[in-house]
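Before any comments, here is the structure.
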Amino acid sequence: MPKMKTNRGAAKRFRATANGYKSAQSHLNHILTKKSSKRKRQLGSMNQIAECDVPAVRKMLPYT
C-alpha cells in the first residue's frame with residue numbers, strides 16, 4: 001500500500017499537542033492601523049482547534 005500524503009498547507013498551519021492541535025490566528029499581517037491594540041494582542045496568541053474540527057485536521061496530517 002502506498003504512503004499517505006500529508007496536506008502541506010495544513011502542515012504549515014497546525015501543530016500537534018498532547019490534547020489535540022493548535023494553530024496561529026490570521027488577520028495580523030496588514031491593515032493594522034484600523035485594528036485596536038486589544039484586537040492585535042489577542043490575535044497574536046495561539047488557538048486550540050475545536051474538537052469538531054480535529055478529525056478533519058487528523059485526516060490532513062496522517063503522521064502526527
Side-chain angles (χ1 to χ4, degrees):
M1 185 150 167
K3 295 180 191 175
M4 296 172 68
K5 284 195 171 183
T6 297
N7 182 308
R8 298 314 293 163
K12 294 166 189 171
R13 286 170 173 79
F14 304 117
R15 292 282 174 263
T17 63
N19 302 325
Y21 293 89
K22 67 178 182 178
S23 74
Q25 297 186 58
S26 58
H27 305 292
L28 196 60
N29 288 324
H30 60 95
I31 315 176
L32 298 175
T33 52
K34 65 172 74 170
K35 295 172 187 160
S36 68
S37 298
K38 177 182 177 180
R39 184 173 164 196
K40 289 186 279 193
R41 187 170 60 247
Q42 290 176 339
L43 286 171
S45 63
M46 293 293 245
N47 267 356
Q48 191 75 15
I49 300 297
E51 197 60 41
C52 61
D53 294 326
V54 169
V57 174
R58 203 170 274 145
K59 213 177 248 188
M60 290 187 278
L61 304 173
Y63 298 108
T64 57

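We number each residue from 1, following the sequence as shown. Model, not experiment: these values are computed from the prediction.
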Please name the pair of heavy atoms, one in [X] and one in [Y], separated by the smallest distance, quoted to 0.1 Å.
X	Y	result
T6	A11	CG2-CB, 4.1 Å
I49	S23	CD1-OG, 3.6 Å
K35	H30	NZ-O, 3.4 Å

For Q42, side-chain contact (heavy atoms from CB on, under 4.5 Å) partners two or more places apart
K38
Among residues at least two apart in sequence or on other chains, which ones pass side-chain contact (heavy atoms from CB on, under 4.5 Å) with A24?
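If we apply the side-chain contact (heavy atoms from CB on, under 4.5 Å) test to A24, skipping adjacent residues, the hits are M46.
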One pair to check against side-chain contact (heavy atoms from CB on, under 4.5 Å): F14 and T64. What are the steps and the verdict?
CA-CA 10 Å; F14 304 117; T64 57; over 6 Å; no
Roughly how far, to the nearest 0.5 Å, is the CG atom of N47 from the CD atom of Q25?
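Here the interatomic distance stands at 4.0 Å.
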Determine whether more than 12 heavy atoms belonging to other residues, nucleotides or ligands lie under 6.0 Å from atom NZ of K40.
yes
Within the structure provided, determine whether Q48 and T17 are in side-chain contact (heavy-atom separation under 4.5 Å).
yes
